[in-house]
Asks: 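Before I ask anything, let me first share the structure, which is written out below as structure tokens.
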Amino acid sequence: MTAGGPVCEIPGEHDGPVRPYPCGPRCSTHSPWRARSLPEPPPGLQPAERATEPAD
């Protein structure tokens, strides 16, 4: 039985939670930031998302 949550689309070993990215759902092992050898970003809105928020 599966948990019913998102599943990483890349075959192979997986690590960490699966999160939605523009390229599709990815686990920590296959995430865009890991592919670029960057540290895991902090939770919350990222700079690109903040730039698209409407001004008050």
Asks: Kindly give the heavy-atom pair with the smallest separation between Cys27 and Gly16, and that separation in Å.
Replies: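 Between these two residues, the closest heavy atoms are CB-O, 4.2 Å.
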
Asks: Closest heavy-atom contact between Cys23 and Glu9?
Replies: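 Minimum heavy-atom separation between Cys23 and Glu9: O-OE1, 3.9 Å.
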
Asks: With a 4.5 Å cut-off on side-chain heavy atoms, are Arg19 and Pro6 touching?
Replies: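 In short, these two side chains do not touch, never coming nearer than 4.5 Å.
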
Asks: For Thr29 and Glu13, which heavy atoms make the closest approach, and how far apart are they?
Replies: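 Thr29 and Glu13 have their closest heavy atoms at CG2-O, 3.9 Å.
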
Asks: Tell me whether the count of non-hydrogen atoms from other residues, nucleotides or ligands lying under 6.0 Å of CD in Glu40 goes above 12.
Replies: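 Yes.
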
Asks: As an exercise, state the distance from CZ of Arg26 to NE2 of His14, rounded to the nearest 0.5 Å.
Replies: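 One gets 10.5 Å once the value is rounded to the nearest 0.5 Å.
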
Asks: If you take all heavy atoms of Ser31 and Tyr21, which pair is closest and at what distance?
Replies: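 Residues Ser31 and Tyr21, closest heavy atoms: CB-OH, 3.6 Å.
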
